[in-house]
Amino acid sequence: MVALWTLVGAPIALRLAEPPTCWLWAPALGWAVYNVVVLPLVGWIGMGQATVLVVTMVFAVAGLVGCFLQGPPMPQRRSLLAIAAVVTAASLLALAPAAAVLPKETPEGVTLAASIFDHSKIAMVDEVIRSGVPLKNPFFNESGVPDGVAYYYLWHFSAAVIAVLTRVSGWEADAALTWFTAFASLLTMIGLAAKLGGKMAAGFVVIALAGAASARALLEWAGPDVTTSLIGRASGLGGWLFQMAWAPQHLASATCVVLACLLLVRLAHREDWFAPPILGLVAVAGFECSVWVGGVTFALGATMIALYLLWTLAPERRLAFALRALAAAALALAISFPFIRDQIAVATARAGGPPIAIAPVAVLGTAFPESVRRFLDVPAYWLVYLTVEFAAFYPAGLAGLFFLLKDRSLDAQSRQTIRPLALLAATSLVAAWLLRSVVADNNDLGWRAVLPGLLLLIVFAAAAISRWPLRGARLCAILAAAGVLLTLPDTLQLLHEDFYASRTPSERLFAATPSMWQAVRRHAGPSERIANNPRFLDDMTPWPANISWALMGDRRSCYAGNELAIPFAPIPAAARAATEARFVRVFAGEPAADDIRELADLYGCDVVVVTAEDGAWRRDPFASSELYHLVEMQPDRWRIYRRTNPQMPANQLKPRSSQ
């Protein structure tokens with residue numbers, strides 16, 4: 001991944017920045033451009049290994065030719081040592097979120113880190129590997145409901161491309177791409193911090209701040225009840241280390257958003273035909289990885305930056321800038337139109353009203369009366385919430401931004417860049433404060449909209465500290481060091497969870513499931529759908545998820561469970577609840593009169609697997625049904641049923657026992 005996407009991104013980065021920054025931005029730029037172009041391309045010509053290999057070789061040759069034609073400048077030998085050191089450190093820190101995706105062996109079996117819950121979308125990676133794109137819905141099927149996926153799946157498509165090239169599993173590809181995303185995100189921040197600070201030493205500060213977590217764990221250790229009553233309970237907001245393990249696709253989007261805004265600034269100050277199409281492609285990559293970050297947050301931030309640039313540009317340059325920006329926007333809209341159309345269609349099908357609401361973050365706890373709490377929440381978001389959750393870089397980042405804006409020794413290009421980036425950071429923090437997604441119970445929009453601001457706060461703090469002993473560097477260093485110390489307990493907890501995870505009651509059963517899913521695949525074709533208990537091994541994850549199917553099933557599900565149906569089932573909430581109830585009672589062995597027929601006819605369940613942990617094991621409704629017949633079983637472990645061929649009497653189909 002590093003070799004391929006750095007090679008693709010190098011000639012692009014060489015046009016946008018000087019060394020060593022250009023080399024550090026190359027992986028992220030190459031990843032964005034390559035995948036945005038390849039996604040629709042393989043949708044037209046197919047996604048076999050030979051096809052993907054040829055397309056990839058074309059990109060690699062184009063990258064080599066581009067580098068050769070531009071004569072890529074190399075950093076000085078002294079800079080090379082610093083770059084090598086900071087890149088090595090970044091690669092090591094990136095191992096933490098990647099490790100969170102991997103299974104952990106225990107004396108009893110296998111356990112999983114908590115963040116694997118959000119990696120249940122590995123089922124999408126497997127679906128792309130099997131069937132290509134456009135992506136079919138592997139989580140849900142219902143007669144009369146479109147079977148596509150209205151989701152920002154570019155990141156998962158990217159993992160599938162690597163899996164097709166290397167013949168690894170979707171789970172392995174997801175772990176590898178999580179590492180690459182973390183690595184590329186760190187290098188992008190390091191390159192920007194070094195550009196603004198003028199020293200590669202900024203990179204080590206970036207790594208220290210990115211690796212810091214929240215101060216909440218220390219506060220709760222000192223007084224759990226008091227902390228909860230004062231500042232409420234923890235939410236899904238978190239720093240780089242936390243968010244990268246849980247939602248790498250959103251951080252990939254945030255990295256693209258920062259790069260796109262840098263390209264927008266370049267568009268204003270240089271008449272370059274090369275920048276508009278690259279800006280359009282990088283913006284599309286951000287949107288197709290995360291509608292919350294690359295869609296909502298980028299749209300708000302880019303608008304603010306464009307207005308600022310129009311205001312500050314000389315009058316004679318405004319029209320040319322506006323035309324180039326509109327050209328980039330038109331390209332981005334044209335490429336991402338299928339995603340936008342599907343998002344609108346699904347929002348309409350769910351009939352739940354607008355997916356976004358204006359709702360300021362509730363910060364304070366019950367120690368404050370309800371009548372005044374909502375008013376106090378407004379300043380508390382800025383003074384308490386962000387300070388606690390981003391203790392290592394929020395105060396230091398604000399101080400760093402202030403001193404960078406006042407620093408007269410910055411070169412002209414850095415001064416042109418710093419104010420637009422400050423606007424993006426402010427927009428990101430305000431969006432996370434005021435906007436809330438209402439598609440699910442969790443506020444995914446608020447938790448993810450903050451990510452561009454998070455990256456930039458780290459950059460501002462690192463750039464200012466690296467300018468030591470200039471004015472302000474000492475204060476920023478003190479604030480950052482104090483924050484890192486305050487977050488140390490939570491950081492150690494996160495690292496322990498990533499590498500070792502917590503023990504779970506079902507780890508022995510989970511370790512035995514690969515053979516079951518292998519048997520299921522023998523009886524289910526690549527495009528067929530399976531049904532299993534949506535609550536099977538649901539204690540393996542913090543919230544109930546059909547995780548063993550998602551990680552190892554490698555087949556479509558006709559209903560994968562409520563948590564996966566919320567974002568992926570294009571039906572109203574009431575219909576989703578009815579579906580959940582039907583599947584739960586069937587696998588509890590208490591089906592209603594028409595439930596088994598509904599599984600076969602309405603949901604298209606071709607294969608059914610019943611385990612010894614299901615209530616249906618003792619009260620098996622499939623054993624007496626004419627709609628399904630037993631095809632394989634393992635005593636005391638599982639039974640596999642297949643939908644009966646209407647042209648073949650069920651009594652002619654013989655099951656086999658698997659030992």
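All residue numbers in this chain count up from 1 along the given sequence. These numbers come from the heavy atoms of this one structure, side chains and all, not from hydrogens, waters or symmetry mates. No experiment lies behind these values; they were computed from the predicted model shown.
Looking at Ser506, its side chain never comes within 3.5 Å of a backbone N or O of Met540 through a donor-acceptor pair. Using a distance-only test at 3.5 Å, with no hydrogens or angles considered, a donor-acceptor pair links the side chain of Thr297 to the main chain of Trp292. Between the Arg555 side chain and the Gly525 main chain, a donor and an acceptor come within less than 3.5 Å of each other. Looking only at distances, a side-chain donor or acceptor of Thr166 sits under 3.5 Å from a matching main-chain atom of Ile162. Using modelled atom types, no side-chain atom of Arg436 and backbone atom of Asp444 make a donor-acceptor pair closer than 3.5 Å. Not a single donor-acceptor pair under 3.5 Å links the side chain of Asp614 to the backbone N or O of Val610. Panel note: side chain Asp490, backbone Ser214; a donor-acceptor pair is recorded below 3.5 Å. Distance alone, capped at 3.5 Å, is enough to place a donor-acceptor pair between the Asn443 side chain and the Ser437 backbone. A donor-acceptor pair is defined here as one N or O able to donate and one able to accept, closer than 3.5 Å; no such pair exists between the side chain of Lys104 and the backbone of Arg503. With hydrogens and angles ignored, the 3.5 Å screen pairs no side-chain donor or acceptor of Gln49 with any backbone N or O of Arg167.
Under the 4.5 Å side-chain criterion, counting only non-hydrogen atoms from C-beta, Phe536 is in contact with Ser548. Between Val609 and Trp517 the shortest side-chain heavy-atom distance falls below 4.5 Å. Put simply, the side chain of Thr513 does not reach to within 4.5 Å of the side chain of Leu509, judged on heavy atoms. Under the 4.5 Å side-chain criterion, counting only non-hydrogen atoms from C-beta, Leu599 is in contact with Arg582. Within the 4.5 Å cutoff, the side chain of Leu177 has heavy atoms near those of the Trp31 side chain. Taking the side chain as every heavy atom from C-beta outward, Asn532 and Val608 never approach each other to under 4.5 Å. Contact annotation: the side chain of Phe157 approaches that of Val42 to within less than 4.5 Å [non-hydrogen atoms, C-beta and beyond]. Trp433 has its side chain within reach of Pro360: a pair of non-hydrogen atoms, C-beta onward, lies under 4.5 Å apart.
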**Prompt:** Going through the checks in order, is the side-chain contact (heavy atoms from CB on, under 4.5 Å) test met by His250 and Cys289?
**Reply:** CA-CA 6 Å; His250 294 287; Cys289 282; over 6 Å; no

**Request:** Dump the intermediate steps for side-chain contact (heavy atoms from CB on, under 4.5 Å) on Leu627 and Arg597, then the final yes or no.
**Result:** CA-CA 7 Å; Leu627 297 172; Arg597 182 166 295 278; 3.7 Å; yes

**Prompt:** Can you list the steps and then say if Met633 with Ile640 is a side-chain contact (heavy atoms from CB on, under 4.5 Å)?
**Reply:** CA-CA 6 Å; Met633 66 176 293; Ile640 299 173; over 6 Å; no

**Request:** Starting from the C-alpha separation in whole Å, work towards a yes-or-no answer on side chain to side chain donor-acceptor pair (under 3.5 Å) for Glu172 and Ser169.
**Result:** CA-CA 5 Å; Glu172 291 169 303; Ser169 70; 3.1 Å; yes

**Message:** What verdict does the side-chain contact (heavy atoms from CB on, under 4.5 Å) test give for Phe622 and Ile596, after you've listed the backbone C-alpha separation in whole Å, the side-chain angles of each residue and the deciding distance to 0.1 Å?
**Reply:** CA-CA 8 Å; Phe622 299 99; Ile596 303 301; 3.8 Å; yes

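Leu451 and Ala254 get closest at one heavy-atom pair: CB-CB, 3.6 Å. Shortest non-hydrogen contact noted between Ala600 and Arg643 is O-NH1, 3.0 Å. For the pair Leu102 and Ala175, the tightest heavy-atom approach, listed with the atom from each and the gap, is CD2-CB, 3.6 Å. The two residues Leu495 and Ala96 come nearest to each other via the heavy atoms CD2-CB, 3.7 Å. Listed here is the closest heavy atom pair of Trp171 and Val101: NE1-O, 2.8 Å. Among all heavy-atom pairs drawn from Thr644 and Glu626, the shortest one is OG1-O, 3.2 Å.
Look at Arg585 and Asp595 and you find a salt bridge, because one of the NZ, NE, NH1 or NH2 atoms lies within 4.0 Å of a carboxylate O, short of that distance. A salt bridge between Arg529 and Asp606 is absent, with no side-chain N of the basic residue lying under 4.0 Å from a carboxylate O of the acidic one. Remark: Asp620 engages Arg639 in a salt bridge, criterion side-chain N to carboxylate O under 4.0 Å. In this structure, Asp377 pairs ionically with Arg374, as a charged nitrogen and a carboxylate oxygen lie closer than 4.0 Å. Comment: Glu580 engages Arg535 in a salt bridge, judged by a side-chain N to carboxylate O separation of less than 4.0 angstrom. With salt bridges taken as basic N to acidic carboxylate O contacts below 4.0 Å, one links Arg556 and Glu127.
Taking Asp554 as the reference, Arg130 meet the side chain to side chain donor-acceptor pair (under 3.5 Å) condition, with sequence neighbours excluded. Every side chain to side chain contact (heavy atoms under 4.5 Å, CB included) that Pro544 has, sequence neighbours left out, goes to Asp538. Scanning for side chain to side chain contact (heavy atoms under 4.5 Å, CB included) contacts around Phe242 gives Trp246, Leu494, with sequence neighbours left out.
Remark: the Trp549 side chain and the Ser557 side chain contain no N/O donor-acceptor pair separated by less than 3.5 Å. Inspection of the Thr106 and Arg508 side chains reveals no N or O donor paired with an N or O acceptor under 3.5 Å. For the residue pair Trp617/Thr611, the side-chain donor-acceptor check at 3.5 Å is not satisfied. Glu632 and His523 share a side-chain donor-acceptor pair at under 3.5 Å. Looking at Thr504 and Asp539, their side chains never bring a donor and an acceptor atom within 3.5 Å of each other. Side chains of Glu220 and Thr227: no donor on one and acceptor on the other come within 3.5 Å. With hydrogens and angles left out, the side-chain atoms of Ser502 and Glu497 include a donor and acceptor closer than 3.5 Å.
Only one option out of Phe139, Phe339, Phe287 pairs with Tyr153 in a ring-ring contact (aromatic ring centres under 6.0 Å, His included); it is Phe339.
Among residue pairs with one or both ends in residues 142-164, those qualifying as salt bridge (Lys or Arg N to Asp or Glu O under 4.0 Å) are Lys136-Asp147; sequence neighbours excluded. A disulfide (SG to SG under 2.5 Å) check over residues 557-601, counting only residues at least two apart or in different chains, returns the pairs Cys558-Cys605.
Within 6.0 Å of CD on Glu370 lie more than 12 heavy atoms contributed by other residues, nucleotides or ligands. Around the OH atom of Tyr500, the shell of radius 6.0 Å holds no more than 12 heavy atoms that belong to other residues, nucleotides or ligands.
To the nearest 0.5 Å, atoms CD (Glu288) and OG (Ser253) are separated by 10.5 Å. Residue Leu537 holds its CG atom at 11.5 Å from CD of Glu507, rounded to the nearest 0.5 Å.
Checked against a 6.0 Å centroid threshold, the rings of Tyr603 and Phe583 count as neighbours. Ring centroids of Tyr151 and Phe568 are separated by less than 6.0 Å, placing the two rings close together.
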Tell me which donor-acceptor pairs under 3.5 Å the side chains of residues 112-125 have, and how far apart each pair is, sequence neighbours excluded?
{"residue": "His119", "atom": "ND1", "partner": "Asp174", "partner atom": "OD1", "Å": "2.7"}
{"residue": "His119", "atom": "NE2", "partner": "Ala245", "partner atom": "O", "Å": "2.8"}
{"residue": "Ser120", "atom": "OG", "partner": "Phe117", "partner atom": "O", "Å": "2.9"}

